[in-house]
Peer 1: 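Quick one: the structure is below, and I'll ask about it shortly.
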Amino acid sequence: MAWTKIKDALAASPGTECTIKGWVRTRRDSKAAGGLSFIAVHDGTCHDAIQVVAKGELDNYESEVVKLTTACAVEVDGVLAESKGQGQSVEVQASAIRVIGWVEDPDTYPVPQKRHTMEYLREQAHLRVRTNTFGAVARVRHALAAGVHRFFDERDYYYVHTPIITGSDCEGAGEMFRVSTLDMLNVPTAEGGVDYDQDFFGKEANLTVSGQLNVETYCSALSRVYTFGPTFRAENSNTSRHLAEFWMIEPEIAFADLSDNWALAEEMLKYLLDDVLTRRADDMAFFDLRIEKGLIDRLKHVIETPFRVLPYTEAIDILSKANKRFEYPVEWGLDMQSEHERYLTEEHFKQPVVVINYPKQIKAFYMRMNDAGTDGAPGDTVAAMDILVPGIGEIVGGSQREERLGALDARLDEMNLPKEDYWWYRDLRRYGTVPHAGFGLGFERLIQFCTGMQNIRDVIPFPRAPRQCEF
RNA sequence: UCCCCUGUAGCUCAAUCGGUAGAGCGAGCGGCUGUUAACCGCUAGGUUGCUGGUUCGAGUCCAGCCGGGGGAGCCA
């Protein structure tokens, strides 16, 4: 039962006896000295495969070893030795090779050892993790997720499991997926509409688009909390930066204002970048070499540079004076478009930028109203922030929340939102309300930022997007 | 949802003005070599996304449908 992980075998001393288990990447044969084969075997425990050296004297050399192809599963007994060849320090001199699982038809194996396009591999999502690139993405994704929990745990933030199914339709962050057990061919009606009273929950239910409103309730008792789970948006967006199902990290801090908020976001991003560069140095070196040249330097630059904090009003000023023709208009009160955000973070500042204090009309009802005249703005602003990073654009969106019941109600009225739908959210402002703030970080966009992967569908194991729900 | 590009061997792509379907990689077999993006030779592999139309003749032109990609919007 006991065997050695390839990660450990590669770090062990020559002379060590071991058994490894894994899958064949490549096999190269030599006729020298009665037969000699070099088999690269990987088991996913690290980026590299280990080289197994199989000699012709093995019992099953002619019958099995020389017939091994990419993806065959094998178990190898042997002793570690300093490699006589270039390219690796140690290798396994095999004393026995047992084939655990053959590839039934190597000619039609969908992921042979050759170059593939990302688009093709996306159609082979169940097999693509066997490639260098997707194995590295999977390990980096894990490292980032583990880093998120460690970061928060070290700072006394509690992980709160907010619900996936939500009965409130007031999250207001986009189109939702309906959850229902009603017979679609025979929908019960009442008063001209669907009678949701007969549905599973006795009311309309949807998949969550954000855990924020729920996590605020726990923030109002535990002080520092976060959620980290899947969220769902039924938007018909077809881009390399959007998914219908994606994971989001949403901390919420009590007794905090907007500056505490971006400080936490900046600290977390830098912590995670440093963490992944250290813990997954092998995979990050691969991304730097094969996916995006200069990736590691770019990330180190982000770690070392303080984020630039920029009021929205000032950002509009910079954009309107920029010597650049934009497709969309730049005007105070309009939301910034991708091209504007990209200009600020990629061309003007060339570093992550925290844009704060947006006009209230382009932001959500729960964001805290700023005092009139903040930043010299010509209109009302709210304590919102977006963090923009080169290459991705918006990676974090957050705000200080409106903790004053009167101001919150005024915003609900302004936006024609029925107060009764928000009864439990309003209760938080009635019973021991405190200033608090939080943000959402798109986990897949963070992985894109860390790996240089161009398409968000390639940093999640099984992407869900419009007309894409295979596997 | 909008704009643009695209669909040919397992994969990546050629195929001139509409005139008999090609290569590389991968795979199989053989050769060579402590090999490592190995190398050399041979072999197999095709309803050109689907349906219809124009034509003596369609991978190529036209229409519809389906799939894939890039950009935009929406956002994280």
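Per chain, numbering begins at 1; letters A, B, ... match sequence-line order.
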Peer 1: Counting the atoms with a prime plus P, OP1 and OP2 as sugar-phosphate, which does A:T117 contact under 4.0 Å by heavy atoms, base, sugar-phosphate, or nothing?
Peer 2: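 Sugar-phosphate only.
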
Peer 1: Determine: side-chain N/O of A:S30 to OP1/OP2 of B:G34, distance under 4.0 Å, yes or no.
Peer 2: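 Result: yes.
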
Peer 1: Syn or anti: how is B:C56 classified when any glycosidic angle within 90° of 0 counts as syn?
Peer 2: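 You should classify B:C56 as anti.
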
Peer 1: Less than 4.0 Å between a side-chain N and a carboxylate O, is that true for A:R98 and A:D77?
Peer 2: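 Result for this pair is yes, salt bridge flagged.
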
Peer 1: Regarding A:F246, tell me which of base, sugar-phosphate or nothing describes its non-hydrogen contacts under 4.0 Å with the strands shown.
Peer 2: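 Contact class for A:F246: base.
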
Peer 1: What orientation do A:Y422 and A:Y425 show, parallel under 30°, tilted 30 to 60°, or perpendicular over 60°?
Peer 2: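 Geometry flag for A:Y425 against A:Y422: perpendicular rings.
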
Peer 1: Could you check how far CD of A:E470 sits from C1' of B:G67, rounded to whole Å?
Peer 2: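 Rounding to the nearest Å, CD of A:E470 and C1' of B:G67 are 13 Å apart.
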
Peer 1: Go nucleotide by nucleotide along RNA chain B from the 5' end; which of A:F38 and A:P106 gets its closest nucleotide reached first?
Peer 2: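 Here A:P106 is the residue nearer the 5' end.
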
Peer 1: Under 4.0 Å from OP1 or OP2 of B:G69: is there any side-chain N or O of A:N238 that close?
Peer 2: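 False: A:N238 side-chain N/O out of range (4.0 Å or more) of B:G69 OP1/OP2.
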
Peer 1: Is A:Q93 side chain donor-acceptor paired with the B:G34 base, going by distance under 3.5 Å alone?
Peer 2: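 Between B:G34 and A:Q93, which were checked side chain against base, a qualifying N/O pair under 3.5 Å is present.
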
Peer 1: Classify the nucleic acid contact of A:T69 as base, sugar-phosphate or nothing, counting any heavy atom under 4.0 Å across all strands shown.
Peer 2: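 Here A:T69 touches the backbone only, sparing every base.
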
Peer 1: Answer with base, sugar-phosphate or nothing: what part of the nucleic acid does A:E91 contact at a heavy-atom distance below 4.0 Å?
Peer 2: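 Base: the residue A:E91, judged by heavy atoms under 4.0 Å, touches a nucleobase.
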
Peer 1: Would you please confirm or rule out a distance under 4.0 Å between OP1 or OP2 of B:G73 and any side-chain N or O of A:S338?
Peer 2: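 Checking A:S338 against B:G73: at least one side-chain N or O falls below 4.0 Å of OP1 or OP2.
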
Peer 1: Give a yes/no on whether any side-chain N or O of A:Q337 is located under 4.0 angstrom from OP1 or OP2 of B:C74.
Peer 2: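 For B:C74, OP1 or OP2 has a side-chain N or O of A:Q337 closer than 4.0 Å.
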
Peer 1: Hey, is the side chain of A:H242 pairing donor to acceptor with the base of B:C75 inside 3.5 Å?
Peer 2: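 Yes, the side chain and the base share a sub-3.5 Å donor-acceptor pair.
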
Peer 1: What orientation do A:F177 and A:F232 show, parallel under 30°, tilted 30 to 60°, or perpendicular over 60°?
Peer 2: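 If you compare the ring of A:F177 with that of A:F232, the planes turn out perpendicular.
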
Peer 1: Atom CG of A:D29 and atom P of B:C40: how far apart are they, to the nearest Å?
Peer 2: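 Rounding to the nearest Å, CG of A:D29 and P of B:C40 are 17 Å apart.
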
Peer 1: With RNA chain B as reference, determine whether A:Y109 or A:R122 sits nearer its 5' end, using the nearest nucleotide of each.
Peer 2: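 Its nearest nucleotide lies further toward 5', so the answer is A:Y109.
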
Peer 1: Indicate, with a heavy-atom threshold strictly under 4.0 Å, whether A:Y328 touches base, sugar-phosphate, or nothing.
Peer 2: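 Sugar-phosphate, no base atom in range.
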
Peer 1: Give one of base, sugar-phosphate or nothing for A:R342, where a contact means two heavy atoms less than 4.0 Å apart.
Peer 2: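 Sugar-phosphate, backbone atoms only, no base.
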
